[in-house]
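Note that ligands are numbered from 1 as they come in the structure, with each ligand's atoms numbered from 1 the same way.
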Amino acid sequence: MELEQATERAEALRQLINKYNYQYYVLDEPSKTDHEYDLLMRELIDIETEFPELITPNSPTQRVGVSPVSALKEVKHLLPMLSLANAFNEDEMQAFYKRIKEKLSLDSIVFSGETKFDGLAVNILYENGFLITAATRGDGSVGEDVTHNIRTIQQLPLKLIGDNIPQLIEVRGEVVMTHKGFAKLNDRQRQKGEKIFANPRNAAAGSLRQLDSRVTAQRPLSFFTYGIGDYKGDMDLTSHTEILRQLQQWGLPVSSETKRLDGIEACQHFYAEIGAIRSELAHDIDGVVFKVNDIAQQRKLGFVSRAPRWAIAYKFPPLEEITQLLDIEIQVGRTGALTPVARLSPVNVAGVTVTNATLHNIDEIKRKDIKIGDWVYVRRAGDVIPEVVAVIKEKRANVSEFVMPDICPVCGSDVVRQEGEAVFRCIGGLSCSAQNIQAIIHFASRKAMNIDGLGDKLIIQLNESGLISTVADLYSLSTEQLADLDRMGSKSAENLIVALDKSKETTLERFIYALGIREVGEATARTLAKKYKSLELIEEATTDELETISDIGPIVALNIHSFFQQKHNLEIIERLLLVGIHWGHEKDETELRLNGMSFVLTGSLQKMTREEAKQRLLSLGAKVTGSVSKKTNYVIYGENAGSKYEKAVELGVTTLNEESFIKMIEK
Ligand code: IVH
């Protein structure tokens, strides 16, 4: 590609990527798949790698820094960041309303109602539309420079879009972490044996104050804009709702739970409305905020100490309460993991009675120093399972230590803990009824035995009615037994029997995958089937032998080996084979048509995605690589193919368009 062409393409790609980001994060209306987005991003990275002089600081590729900062510098806000007065009940709300009506000599007032985000306030300075600095609230006048971390938040534009962009503007809002992101982050931390965050707010705070933006980039942070500070330039906006709309049009994320409210009753109503959906929101809120909507009225009202007279936060009850931990019981999950669950003295947490809370695993019980009989903080958030956050040590009396059982409380099999793992597991596998239902669901699923019409609900129904307890029982079901079930007619019963029969003809790799051996996904199942070509040989393989296979590490090797050491598992496999489950011989790798050939895919294909093309090639034994060299056999090019195509021509590598490629693979 020529420099001129690359310059144009890079700029076009940046605009497209920014547009799709805006649609995805701000409008919540994605118009492209993740894959299509990734391809554009990849193309931009490729161009910027080839022409580094084209990189701009605000390119979407430049969100994450290359090295940590040495300390967080101080930043002075142009206008101080204020706090909010609180109301905790209806009387206090009424008093607030009365006060401002009197001051303004009005009978009724219009407000902007919004949620009060439970995160960290951040002030972001945009100059001529470009994100220049971002700082925490600090003491209200001076905060800490977190620009490097704020830039990693995909939702935030590095350059504002649209019209009327002021010369300078301070954008204010809150950084939060969603419940889902928080749960995932803590799971990851747990696996790595690293610090567990007590709540999303702490996790967001810890992530925002990182010196290394590469760490922050891995943290699921979100941002909501709720106002502005200082600005220079014409802004013809007369109300808070207009300001929010304008901010959104510039590409900044504004919460959709925002409403113009006429009078106090509308405010009370809004408070109840948001209270009712509080637990369904993706992130924590601790109240709602009411702001006098008219900017001229706001000016008249002014400030008291460091809070505006024109706004108030009407708080919700906290999501954390104190209660006593009565006992610790064990639950067995679908992979056999034993999870300790706290039985609590019933406590009302923000409107819901909580009696159980997860304790995750034994290490977490130790880390939090939790003992039976302790008084604890319990936290409930969204639809996440309530959690024991911490112990109140001062209240400790008559407590006892929790001990992990060494046999499964459900099936009596041994409980083991693998090296480096936090969880204890029941090794009962398919014969443990706790693990069964999930194991059966997996067994019947599309990529496994592909039993048409056998969904989760039916499996649970079959199990509850005593017809199946292991996967092997599926094949002894009769049409009559099925037809007797609620909501099942004789036609569906027949169809299911046909589907079960059909599933008996399968492949070795599907069968291995269907067994649900821990950490043996489709890819590992395929590798095993290709390597051993027979179930007996896989059953007999030692861990040392398994470990020699590339892609199989010591843990997976142990999982496979111990699975086939369990008598129950072998019995079930034998029953499955006796009812007639069978497969043909695996093709030898050298029989595959494109064995050993090396392919590169470039540009966008029309009849299939690049991923699909890649999968087809892999199934024919070919290798697919990312860059063109003399060793490449073929370069397949689609529309807008760039430097890889040119490189192929230069090196004399055979190039194929999509049509010829399809002919080749369908031969
Ligand atoms: S407005 C002039 N709106 O609450 C008023 N603040 O107690 C300044 N907060 O530091 C704040 N959600 O971090 C405003 N929708 C919202 C808010 C909000 C959360 C936080 C903010 C501020 C604190 C004040």
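Looking at R137 against ligand 1, only its side chain comes within 4.0 Å, counting heavy atoms. Residue E174 touches ligand 1 through its side chain alone, judged by heavy-atom distances below 4.0 Å. Here L84 has heavy atoms under 4.0 Å from ligand 1 in both its backbone and its side chain.
A cation-pi geometry, defined here as NZ or CZ lying under 6.0 Å from the six-membered ring centre and within 45° of its normal, does not hold between K32 and Y37.
At under 3.5 Å, not a single nitrogen or oxygen of W310, backbone or side chain, sits near a nitrogen or oxygen of ligand 1. Between F117 and ligand 1, an N or O atom pair is found at a separation short of 3.5 Å.
Residue contact check for ligand 1: A313 places no non-hydrogen atom closer than 4.0 Å to it. In this structure, P308 is part of the shell of residues with a heavy atom less than 4.0 angstrom from ligand 1. Within the 4.0 Å heavy-atom shell around ligand 1 one finds T115.
Counted within 6.0 Å of NZ on K180, heavy atoms from surrounding residues, nucleotides or ligands total 12 or fewer; the atom is thus considered open.
Ranking the protein heavy atoms by distance from atom 8 (C) of ligand 1 puts L82 O, 3.9 Å first. For atom 18 (C) of ligand 1, the nearest protein heavy atom (residue, atom name, distance) is Y226 CE2, 3.5 Å. In this structure, atom 23 (C) of ligand 1 lies nearest to the protein heavy atom K116 NZ, 4.1 Å.
The atoms of ligand 1 that sit less than 4.0 Å from any heavy atom of K291 are 1 (S), 3 (N), 14 (C), 16 (C). Every atom of ligand 1 with a heavy atom of A121 under 4.0 Å away is listed here by number and element: 10 (O), 13 (O). Per-residue contacts place E114 under 4.0 angstrom from the following atoms of ligand 1 (heavy atoms of the residue considered): 3 (N), 15 (N), 16 (C).
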Derivation of the ring pair (Phe, Tyr, Trp, His ring centres under 6.0 Å) call for Y314 and F88 = CA-CA 6 Å; Y314 190 2; F88 292 96; 8.8 Å; no
Start with the C-alpha gap between E387 and H360, add the side-chain angles, then the distance that decides, and say whether side chain to side chain donor-acceptor pair (under 3.5 Å) holds.
-> CA-CA 9 Å; E387 203 173 11; H360 296 287; 2.9 Å; yes
Does the side chain to side chain donor-acceptor pair (under 3.5 Å) test come out yes or no for E114 and S112, once each step is laid out?
-> CA-CA 7 Å; E114 45 200 78; S112 164; 3.3 Å; yes
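Side chain to side chain, R343 and N356 meet the donor-acceptor criterion of an N or O pair below 3.5 Å.
The main-chain N or O of P68 is never found under 3.5 Å from a side-chain atom of H148 such that the two would form a donor-acceptor pair.
The two residues T353 and P346 come nearest to each other via the heavy atoms CG2-CB, 4.0 Å.
One distance of note links CD of E170 with CD1 of I228; it measures 9.5 Å at 0.5 Å rounding.
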